[in-house]
Amino acid sequence: MEPTWAKTLLLTGGVLLVPVFALVTSVVFWPGVLLKAYNWYNRRLQGMAVRYSHSGSYRFCYSTRGTPGGATPSLLLLHGFAASKDMWLPVVMYLPRNLHVVCLDMPGHEGTSRTGAEDYSIQGQARRVHQFVRSVGLDKSPFHLVGASMGGNVAGVYAGLYPADVCSLTLVCPAGLVYPTESSFIVLLKELDLEKPIAPSKPIPLIPLIPTSMQELEAMLKLCCYKSPTIPRQFLRGLLANRIPNNNFYREVFLEIVGEKSRHLLQEHLNLITAPLQVIWGKNDQILDVSGAAVIQKALPHCQVDLLDNCGHAIALERPRKFANLVLDFHNKAKKQA
């Protein structure tokens with residue numbers, strides 16, 4: 001007869017093996033699930049709660065921490081192309097717990113409604129962000145708006161269109177400018193000539209920010225970062241697995257934001273920006289050349305420009321602590337000047 005302790009060990013061992021087996025299975029067969037679980041855990045660790053709001057039938061998804069309406073303005077962060085609200089988690093780690101932080105999924109991305117091209121242009125995205133702001137009551141008092149890359153283009157246009165909403169503005173390697181020096185990425189896009197109709201018999205040109213294989217994903221990370229981050233291969237597989245089903249959507253968005261209506265929209269709205277402005281750029285940005293900072297400074301001489309050595313386009317990933325400190329310092333300085 002089996003002793004009691006052995007039965008207990010088998011029972012507890014069996015219970016423990018279930019989650020272990022599930023974890024191993026997800027790592028091997030469903031790496032995308034593993035990455036989503038990691039982001040869920042990281043949000044929990046940072047005290048970020050996922051919420052939804054609606055404007056009519058349109059749904060917004062966002063994560064948030066802290067309580068609005070305090071002495072310190074809220075912080076609204078807009079991510080870049082093909083990213084999500086979770087892009088900001090490395091930065092949120094270094095922000096004060098009592099600061100009201102809101103990270104929005106941009107139109108069509110992650111949990112926010114996916115509609116059509118009219119919402120994916122920069123002006124369309126700015127309108128949708130304004131709807132979000134009203135839907136959650138962020139417009140009750142001016143907030144600090146932060147946008148990176150595509151989100152930087154949207155943030156700058158938003159600040160020009162809705163100046164009463166924004167008490168201060170941070171643009172991070174923003175798109176939407178005429179860059180004195182063209183990056184290798186911009187040169188490549190010109191060679192692809194994406195606006196030219198594609199013959200049915202010809203393959204769709206590869207856009208480096210829309211990878212379809214591990215090799216292309218690794219090339220994208222090298223393009224976005226000064227030094228490729230050390231990421232476990234299963235996490236990379238998870239990232240690719242979660243992106244591939246969305247690639248047609250990403251292509252639709254990309255064609256909108258590089259199209260004639262959106263390509264230089266930030267530059268066209270610079271003269272409308274009245275809020276104190278901070279520009280943060282990686283000196284080694286291969287996506288959007290750092291010379292764009294001088295374009296903004298020429299149009300708005302009183303802006304604060306922070307250029308980061310040994311840093312590329314993905315500043316929130318490469319230098320999250322430095323980025324958080326720069327934004328906080330500017331945030332506090334702008335609050336005192338208000």
Side-chain angles (χ1 to χ4, degrees), residues 36 39-40 42-43 46-68 73-93 95 99-115 119-159 161-162 165-176 246 249-250 253 256-257 262 266 275 314-317 320 323-324 327 331:
K36 288 181 179 180
N39 284 335
W40 173 86
N42 204 358
R43 285 195 300 268
Q46 305 306 326
M48 297 290 287
V50 174
R51 298 280 184 265
Y52 296 91
S53 71
H54 292 82
S55 178
S57 62
Y58 194 91
R59 184 183 77 169
F60 296 99
C61 180
Y62 63 103
S63 59
T64 184
R65 185 179 76 189
T67 306
S74 299
L75 198 63
L76 173 59
L77 299 109
L78 308 181
H79 65 73
F81 168 74
S84 76
K85 59 187 174 299
D86 293 329
M87 163 191 148
W88 299 109
L89 286 173
V91 175
V92 170
M93 182 187 303
L95 297 176
L99 177 62
H100 182 226
V101 179
V102 178
C103 304
L104 175 65
D105 280 332
M106 297 296 278
H109 291 71
E110 196 81 2
T112 292
S113 290
R114 190 168 289 182
T115 50
D119 282 335
Y120 306 148
S121 69
I122 296 302
Q123 193 134 11
Q125 292 193 57
R127 285 194 296 266
R128 285 298 187 185
V129 173
H130 187 54
Q131 288 179 351
F132 167 73
V133 165
R134 288 185 295 174
S135 73
V136 296
L138 263 180
D139 57 342
K140 290 178 181 177
S141 58
F143 54 85
H144 183 154
L145 181 59
V146 179
S149 195
M150 176 193 78
N153 194 352
V154 175
V157 171
Y158 185 101
L161 294 176
Y162 311 105
D165 287 357
V166 181
C167 65
S168 47
L169 174 67
T170 298
L171 302 180
V172 190
C173 310
N246 296 299
F249 160 71
Y250 292 148
V253 174
E256 279 299 315
I257 63 178
S262 297
L266 173 59
I315 294 177
L317 176 64
F323 176 77
V327 170
H331 185 74

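A distance-only check finds no donor-acceptor pair linking the side chain of Ser149 to the backbone of Pro174 [under 3.5 Å]. For the pair Arg65 (side chain) and Met48 (backbone), a donor-acceptor distance under 3.5 Å is absent. Side-chain N or O atoms of Thr112 include none that pairs as donor or acceptor with a backbone N or O of Pro107 at under 3.5 Å.
Scanning all heavy atoms of the two residues, the minimum distance from Phe60 to Ser135 falls at CD1-OG, 4.3 Å. What you find for Ala126 and Val157 is that their closest heavy atoms are CB-CG1, 4.2 Å. Between Ser53 and Phe132, the shortest heavy-atom contact is OG-CD1, 3.6 Å. Residues Ala316 and Pro90 come closest through the heavy atom pair O-CB, 3.6 Å. Minimum heavy-atom separation, Tyr58 to Thr115: CE1-CG2, 3.7 Å.
Within the 4.5 Å cutoff, the side chain of Val133 has heavy atoms near those of the Tyr158 side chain. At a threshold of 4.5 Å between non-hydrogen side-chain atoms, the residues Val253 and Met106 do not count as touching. Side-chain contact between Ile122 and Glu256 is absent, with no heavy-atom pair separated by less than 4.5 Å. Here the side chains of Ile257 and Gln125 are in contact, with some heavy-atom distance below 4.5 Å. Using a 4.5 Å cut-off on side-chain heavy atoms (C-beta onward), Lys85 and Cys61 make contact. Using a 4.5 Å cut-off on side-chain heavy atoms (C-beta onward), Leu138 and His100 make contact.
Taking the six-membered ring for Trp and thresholds of 30 and 60 degrees, His130 and Tyr162 have nearly parallel ring planes, at less than 30 degrees apart. Between Phe323 and Trp88, the ring-plane angle classifies as parallel under the 30° and 60° cut-offs.
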Requested in this report: Go through the steps to decide whether Thr170 and His144 satisfy the test side chain to side chain donor-acceptor pair (under 3.5 Å), and finish with yes or no.
Outcome: CA-CA 8 Å; Thr170 298; His144 183 154; 2.8 Å; yes

Requested in this report: Would you please test Val327 and Leu75 for side chain to side chain contact (heavy atoms under 4.5 Å, CB included) and show each step?
Outcome: CA-CA 10 Å; Val327 170; Leu75 198 63; 4.3 Å; yes

Query raised in the report: Which is it for Tyr62 and Val136 under the side chain to side chain contact (heavy atoms under 4.5 Å, CB included) test, yes or no, and what are the steps along the way?
Result: CA-CA 10 Å; Tyr62 63 103; Val136 296; 3.7 Å; yes

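The CG atom of Leu95 sits 9.0 Å away from atom NE2 of His331, with the distance rounded to the nearest 0.5 Å. Here OG of Ser141 is found 10.0 Å from CG of Asp165. Values are rounded to the nearest 0.5 Å. A distance of 13.0 Å separates NE2 in His109 from CG in Asp86, rounded to the nearest 0.5 Å. Atoms OG and CG, from Ser63 and Leu104 in turn, are 9.0 Å apart once rounded to the nearest 0.5 Å. Note: Asn153 CG to Ser121 OG = 10.0 Å, rounded to the nearest 0.5 Å. If you take CG on Asp105 and CG on Leu78, they are separated by 11.0 Å, rounding to the nearest 0.5 Å.
Side-chain atoms of Arg128 and Gln131 include a donor-acceptor pair closer than 3.5 Å.
Shown are Val91, Leu169, Leu77, Leu171; of these, the side chain to side chain contact (heavy atoms under 4.5 Å, CB included) with Val146 is made only by Leu77.
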